[in-house]
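Keep in mind that what you see is a predicted model, and the values were worked out from it rather than measured. Start at 1 and go down the list; that is how both ligands and their atoms are numbered.
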Amino acid sequence: MPAVNDPTDLPWWRHAVVYQVYIRSFADSDGDGVGDMPGITSRLPYLRDLGVDALWITPFYTSPQRDHGYDVADYRDVDPLFGSLADADAMLARAHELGLKVIVDLVPNHTSDQHVWFQAAIASPPGSPERERYMFRDGAGPDGDEPPNNWPSVFGGAAWTRLTEPDGTPGQWYLHLFDSTQPDLNWRNPEVGDELVDILRFWLDRGVDGFRVDVAHGLFKAEGLPDTVLRDPDEDAPASMVEAAGVDEPMWDQPEVHEVYRRWHEVLAEYDDSEVGPRMAVAESWARTAEAIARYVRPDELHQSFNFHWLSAPWSAEAFADVVTETLASLAPVGAVPTWVLSNHDVVRHVTRYGGGAQGLARGRAATLAMLTLPGSAYLYQGEELGLAQVDVAPEDRTDPSWFRTKDTAKVDIGRDGCRVPIPWGGDAAPYGFGPAETGEQPWIPQPDDWAGLSVEAQTGAEGSTLEFYREALRLRRTFAETAGTDVEILPGAPDLLVLGRGDVVCVLNAGTTPAALPAEARELLLSSGDDPDGTLAPDTAAWFRRA
Ligand code: NOJ
């Protein structure tokens, strides 16, 4: 096991800042209103100058786009919407030239219903080897017209859809933990595991530096597919992925899944000596407890797992401190580094979660500074460096399958379109430099008409802008992130202050409502997320200091 505190010779991913590129909404090179691979390539210098170490690109493979790429029809090609394999190779080569690592998304839990395997399965009889690659079952009830069990889809409604057999009769049911166009694979069939390893190798051979593993906790389902005792399909859908993962259920986090990651670990390790350097994989595992998540990053499994606990914590110094303590305590026994994330393409942007407006933005910047203090990797979501808030997308512009499956029943709007609006690069009106379309022409999700001041162009060089704040924070982080080790001290401070000590840096965050006296350790100011402190730190602000 690597020594957790040994700062020498660390692989890049142990201290990287990773920028999530949601490809549809990052940069559009051809003016069709949808971001693409050449668009990413053209903006790589921006990412290098922002100061990130790596980018993670959401799925760009051949896909009918029913869940915007998380429904893969061909894992070994690029969807024409986004470009070609040659465009992907060019992007990778340019990223490497600029010193940026590239993580691609891997979707092993389910395929698209347009994948050749699923098409073959529905054309083949029950019990055939083609059907054995997916989770087909006979229905319950006297006529088989009830779903095989009571599992709900994460996107709302039942997790089962009934087939009409080729001869027109009602047939078997297939499992889909997400949309009905995303059938779950049968991981108890060895053919599935072999195929996924082959796909890993396909992208490793092309030179990718790592994988983000979609629904990493979902691959195996409990034997016998027992009913879940906690919800039934008639109940409202869970309000969020966090809630969906909040309880032990037979479809998540089954012990067999770890064998898969042991195998993948060996495959990735084979590439260690290549010119590209060490490869990695980060799990999206919404497992219930910190201990359960730690099992995915044991020394012979995946390298990182997203830690969504800060993201779901309330605005509270105590809650943040607890998340830090619990995260580090759970990972220490397995020697893994933590990850930190405030936003991604599945959740409401953090500026809005923290209340929106000037206060939400102030809190968002403060939380970012605190997060960037911590050891391990920080994952940023495109647009957060511009301080973007969640957009209220009109019902007619919605495209998210979870919106369609829940809009009539959900207690809470879980539609994710509002955090996926194409980002503004410059100009005064849509598409704000997102692509070469005519001024006024909207991209695939319309942009708000008050975004001119938030664009990269408007914020570059502007004193106090969120973009310049991120650039400075990332520049300073590079001076300590690699060498400061993985110890974090939670230091005493005034009530509502979070005081984090790491190496010779101290971060102070004021989550209270009144200015707070600075702790003794805060010597020389390095950077503030808001007004510079003078003796006291304003509410909703964080600052980095050289430690006394
Ligand atoms: C998690 C991804 O982040 C989300 O966008 C997707 O809808 C589901 N997995 C299903 O693949």
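Of the heavy atoms in Arg420, only side-chain atoms (C-beta onward) come closer than 4.0 Å to ligand 1. In His110, the part holding a heavy atom less than 4.0 Å from any atom of ligand 1 is the side chain.
In this structure, Arg212 has a heavy atom closer than 4.0 Å to ligand 1.
If you check the side chains of Glu284 and Trp286, you find a donor sitting under 3.5 Å from an acceptor. A donor-acceptor pair shorter than 3.5 Å cannot be found between the side chains of Asp113 and Thr181. For the residue pair Ser153 and His176, no side-chain donor N or O sits within less than 3.5 Å of a side-chain acceptor on the partner.
Those atoms of ligand 1 that come under 4.0 Å of a heavy atom in Arg416, given as number and element, are 4 (C), 5 (O), 6 (C), 7 (O). The atoms of ligand 1 that sit less than 4.0 Å from any heavy atom of Val215 are 9 (N).
Distance check: Leu268 CG to Asp209 CG gives 11.0 Å after rounding to the nearest 0.5 Å.
In this view, Arg349 satisfies the side-chain hydrogen bond (donor to acceptor under 3.5 Å, both in side chains) rule with no residue, not counting sequence neighbours.
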